[in-house]
Structures are given as C-alpha cells and as structure tokens.
There are 2 protein chains.
Amino acid sequence: MSEEPRARATLTDVAKAAGVSVGTASKALNDRFDVKSETKARVQRAAADLNFRPNALARGLLAGRTQSVGIVTNDLDGRFAPKIVVGVENALGADQSSVLLSITRGDPALEAHYIRGFQERRVDGILIVGNIPESRPPAQDLHDTPAVYVFAPSSDPRDASVIADNLAAGTMATKHLTDLGRRDIFHLGGRPGEVAARDRAEGTRSQLTAAGLPVSPFQILYGDWSEQWGWDAVGGILASGAAVDGLVCGDDTIARGAIDRLLAEGITIPDQVAVVGFDNRPVLAQYGRHPITSVDMELEAIGSRAAQALMTGHPAPGVLAHPGHVAARWSTLGTANQR
Amino acid sequence: MSEEPRARATLTDVAKAAGVSVGTASKALNDRFDVKSETKARVQRAAADLNFRPNALARGLLAGRTQSVGIVTNDLDGRFAPKIVVGVENALGADQSSVLLSITRGDPALEAHYIRGFQERRVDGILIVGNIPESRPPAQDLHDTPAVYVFAPSSDPRDASVIADNLAAGTMATKHLTDLGRRDIFHLGGRPGEVAARDRAEGTRSQLTAAGLPVSPFQILYGDWSEQWGWDAVGGILASGAAVDGLVCGDDTIARGAIDRLLAEGITIPDQVAVVGFDNRPVLAQYGRHPITSVDMELEAIGSRAAQALMTGHPAPGVLAHPGHVAARWSTLGTANQR
DNA sequence: CTGAAAGCGCTAACAT
DNA sequence: ATGTTAGCGCTTTCAG
C-alpha cells in the first residue's frame, strides 16, 4: 500500500516526513535542548516509522572518531585469544564502541595489511593480541595509531603491553600448597624453551625459598605441555623413591596426566599428594571426573585492562602483568569446587 | 625539520604535495587508466611519504557499501563460536571485507542493540552465530539487512541458516564402526533434551538399521555431556553382561570417560571395544594420552559457507546442514593418528 | 590527460 | 524554536 522503502531512510527523509528541516531533525533525534518537545516527538515518530538508522559513516567523517577499535590476533581457536576478546568486548561495550576483528595466522605481512585496513576505517585504536606469551617484535606501519599489545608483549619497551603474570601465578600456586602444609613439592613444567614454563617454575622456586624450604634442581622438572609428560613425570618421581606431597604442574594437561598416574598407582589425592595446575580450563579442571585446583590467569580481565588502557588514547608505555587467582578444587582440598 | 604531521594526511594533502588536483590524485591512487604514468608515480610517492590512508568512511559514504559484515554471537568462549568466526574471517578475507564482532551473552535486548549498531555502521550483512545447536527465534529489527543464522538455526524457515548436520555425523560415526566389522554397538548420548544429542543418536540408530543390525532401546542411552557419564555408562553396560564391541559417544568428554573406564576394567581398545566421539576437540581427542577417533563438525567450513551465502546479498532461505568428517585415531584404529 | 565541482548523510555554526 | 549552509574526505561526472 506504500512505496517500497528500498534504500535506507536518510535524515532528509525523516525531516521531510516530519515537516521540519534536516537541522531540526538532527537536533530532535540527538535530544538537544533547543527543540520544542512536540516537534521532537514528531521527528522521533517519523524516524521510527521509517526505520531510520543514523549513518555512522557520515557521523564519523564529521566527528573524526568512530567509536571503534581493531583487534589484530594471530589466531582465534587457541584457548587464550577468545577469552581476551570477550574481555575487550566487555570493556568496550560500556563505551558504545565496537570491535573490528582480524586474524593474521602469524603472518607479519597479513598483520600489516589488517593494520592498514583498520587505519583506513579510522579505528580509534588497535589491540594486538598474541596467542602465546612470548614477546614479539612491534607491529609495522602502526605510526601514531594508539596500540596496546596483549598477552604477547612487544619487545620494544616504549610500547604498551598487558600480559599474564606467570611468575606471580607460579608463586600463588605454590603458596597454595605450602599454606596447606605441603613440604615436598615438585614442579612439573612445560617446555623449557617457553617463557611461560620458565616463569611459572621460577615462581615455584621463589615461593619454596620464601617458605623456608630447600630447593633442589631435581624438584623443578621440564617436559612439554602434555598429559603424557605429567603421567611419565609422576612415574619417575615415584620410582626414585623421593618424598612427595605436592605437585605444581605447568598447565592443566600436565596436571591431568599426573593425577591419572597418581590414582593409577593407588595414591590418594589430595591426602598423600596435592596437585595444582594452570589455566583453569573448564574441560580439564572443572568438568573432568577429578576437578583440578588451577591458577586462572583471568584472560578476560587482561583483555579488559588492555581495552581500558587503549581507550585513554595514550596507553602508558611498559608492561602491565596481571596476576590471576587460584581456583581451589578437589585436587588440593578434597571436596570443594570453587570457581 | 618538517611541520608535525599531527592529523592523518588527506587526499587533498597528497594532491597538494604532488602538485595535482584531488580528482587526479584520486584517479592516480586508484590506478585508473586516464592518468599519465609519470604523474601516477608522483602521486603514489607523495601518498607513501605522507603515510596516506584513504578514509574508508568517506569512501563508504559515497559507495553505499562498506565491505564489512557484522557477527552477532552469544558467547565467544564456548568451543564452537571461535572456530566459526575463524571460518567467516577466512572467507571474508578473500573479499577484502572486514568483520565487526559483538557478544550478546544471550540477551535479546543486547542483540537488538548490536544489530542496530551494525546497521548504523552500514554493514553489508549480519551473521547471527549461536553457541548451541538449538533453533532460536529470528532476530528483531533486522528488517531488510541480509542475514544468515549460523550453528543455531532460525525458527523461521524463510530465514537462511547454516548448521552442523548431527544426524549425518551420527551416521558417519556409526558407519565407521560397522565398516570395521563391529556389531554390538552402543550409543552413549548427551542430554536427551538437546537436539544435538537426539540427532546424533538417531544417526546411530539409522546406520545400525542400514547395516542390517538389530537395534534395541537398551543400546541407545542418554545422560549428559560429561566424563562421569561415559565412565558410569560403561560400568553399567559391563555389569549387565551385554556383548559390546563398539561405542558411539555423544561427545569427546563422554568418550574420554568411557575410554578411561574401559581401560580401568582391563579391556583393550580398540581390539575388544572401539570408541568414537564427536567434536574432535584437540585437548581430548588429539592430545590426550589416548587419541580418540572423533567426528569433526568442521565448524570453520560452516562459518565460511555462511559468510559466502551472506556475501551474495541474497542468502537463500532454508537450512543448510553441513556433515563434517570422521578423524580416525587410536580408539578405533589402534595406531594411526589422522587429522 | 588534468582540473573543477557536485554530492554521499550528517552535525554545527550561524541566521532568522 | 527552527531553517540554512558549509564542510568532513572522497569519487565521479563533466569541462577544458
């Protein structure tokens, strides 16, 4: 019964329908004070009828800001990046900003390409999210676009980075065990080439020392991030006859392997040996048959803090390390199942 | 030695620097034929010197298209959505389009809010990504914006949806076992209230029938998506004394629990009992101590197909179900470890 | 081959 | 309280 409203309604259309000028329509829709409330209502009615959506391109062109940030990430199907993105989105939602997402698959040329694209779209800033906690060279072609590196810090200290504090995490995990009175603690670390593995192990070392416990090199072991390594390491420790009443495992997969082996050997958890993991992965730590006490690195919080730093427009140089918290469960407490 | 180039260079700046008009500069940078190659080079030089980035807002305002699509998702830290987003990104990258991402946490009001925001930003289309495979009511306020529902189909058949084909997946998983000569097959399903659990189970039932095997109700069991259920179900089957040489488990967690129990009972895998899971989750199926044969739902492909459908501008109504494939591993083959 | 000018949709002066 | 106009940065006719 009406003309087909093919193209999107423009402010001019709304103004025409309401019988006012574009200027007045603009003020009415932006709820400015100098418009009679009656006309304001009339314009709003017309806008609703026409299903009007103000063109953010036109608005952004004029304003010089777009209320948007770009996220450049290596990879989204790892287990870190998605949570970081959620945190970013949370922090930005409060600011009515939206998120542009790109995935570089670790290709620096693709990264540069996406950064250029974001600059063309006039994002207000860029978050560069890594999927492993190793430091990385600064992004090319960033020029004066505000940027914050997340999870994988920039190797240039003048850049702003927000990362997980694996050293503090290692300390917390170990303190959880020493606070429970454990004294014969081993650390089953991940790959020794990776800084996360070394930092977590170093956290254990420093907390053992702080607790007045001796630390022998045989207590800090490295392997890889696998169940098999946790399984084998426990076998080795038991075979050696060494006393053990606590295990700090470099991540939840190692912890799972260690726990399965302990149980297979008839050892009771946590009475005889208490076990802590890292990463607090639901599938392993929370929903397995044997819930694992694990250090949650609070990746969402890391994302949020990075987004907040970016939104200032002038993120402070340097590295901000976020500590996380211990989610205590059966593998150290025997029953409780905290977040 | 030069003025500080505070604000971004504009095309006018470039034209000025190259000593041409904006019109000519525009043509030169867009590599149009009617520009002398010498001036073309001069303009490109100037653009590079000034670190010029064409303003996509201005361009989009003029063109009426923005080369961008919006993704509205419930949740990004589930295990499905991130892979779907990766697939979307892959398909779109080929088209120079970029992705706007939003997370609704399942709140319909927030969903409507984000959809409006995307419309204001003049996205070329919207993908509505669910985190569980249940159908959902159509999004509000979409009007004539092209949209495709992904993973969670729209309940309105006039909408376009791309989903995982759980029925086909159940059939494939079971066929993998019957092809290996297994005849006494049980299905350990997930929550009976969920369509994914029912479809996968129905796939098993239909393949058993197709293979000429009798199907008793006691072979199709439901529980929940947990290791504990897999563990308990195996215990029950063994206690019943029923013959069993194959298990189709509703997901990888159930399969993991089932495998752990079989091994704990001294049963050899796959010789005595072969086990298949679903979802092909790396942490369980690939990197556990006992690699699990699992149906990969190919979520990336689902995302890509949805993006491609969207890019036509007129996605075809109806539901497109994507079948996935079997990733065969130790739990059915004994040794091989395929993707 | 190059320049001038209109206009995409909107907001912010400035008039009235 | 409302209308008019300039202009954000770009592409695209249309002249020259």
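As a basis for the values below, the full set of heavy atoms in this structure was taken, side chains included, without hydrogen atoms, waters or symmetry mates.
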Please state how far atom [atom1] in [X] lies from atom [atom2] in [N], giving the value in whole angstrom units.
X: B:Asp34; N: C:dG3; atom1: CG; atom2: C1'; result: 12 Å
X: A:Lys36; N: D:dG3; atom1: NZ; atom2: P; result: 10 Å
X: B:Lys16; N: C:dT2; atom1: NZ; atom2: P; result: 19 Å
X: A:Leu50; N: C:dG9; atom1: CG; atom2: C1'; result: 15 Å

When B:Val85 is tested against each of B:Leu127, B:Leu76, B:Thr73 for side-chain contact (heavy atoms from CB on, under 4.5 Å), which residue passes?
B:Leu76
Applying ring-ring contact (aromatic ring centres under 6.0 Å, His included), which residue pairs with at least one partner in [range] are found, sequence neighbours left out?
range: residues 80-103 of chain B; result: B:Phe80-B:Phe151
range: residues 88-142 of chain B; result: none
range: residues 82-104 of chain B; result: none
range: residues 37-57 of chain B; result: none

Among residues 39-46 of chain B, which ones have heavy-atom contacts with DNA chain C below 4.0 Å?
B:Thr39
Is any side-chain N of the basic residue among A:Asp107 and A:Arg105 closer than 4.0 Å to the acidic one's carboxylate O?
no
Would you compute the distance between atom CZ of A:Arg59 and atom CZ of B:Arg121 and round it to the nearest 0.5 angstrom?
10.0 Å
Would B:Arg8 and A:Arg122 satisfy side-chain contact (heavy atoms from CB on, under 4.5 Å), going step by step from the backbone distance to the final call?
CA-CA 10 Å; B:Arg8 277 228 163 274; A:Arg122 297 298 188 267; 3.5 Å; yes
I need a per-nucleotide contact map over nucleotides 6-16 of chain D, read 5' to 3'. Cutoff is protein heavy atoms under 4.0 Å; write B for the base, S for backbone only, - otherwise.
-BBBBBB----
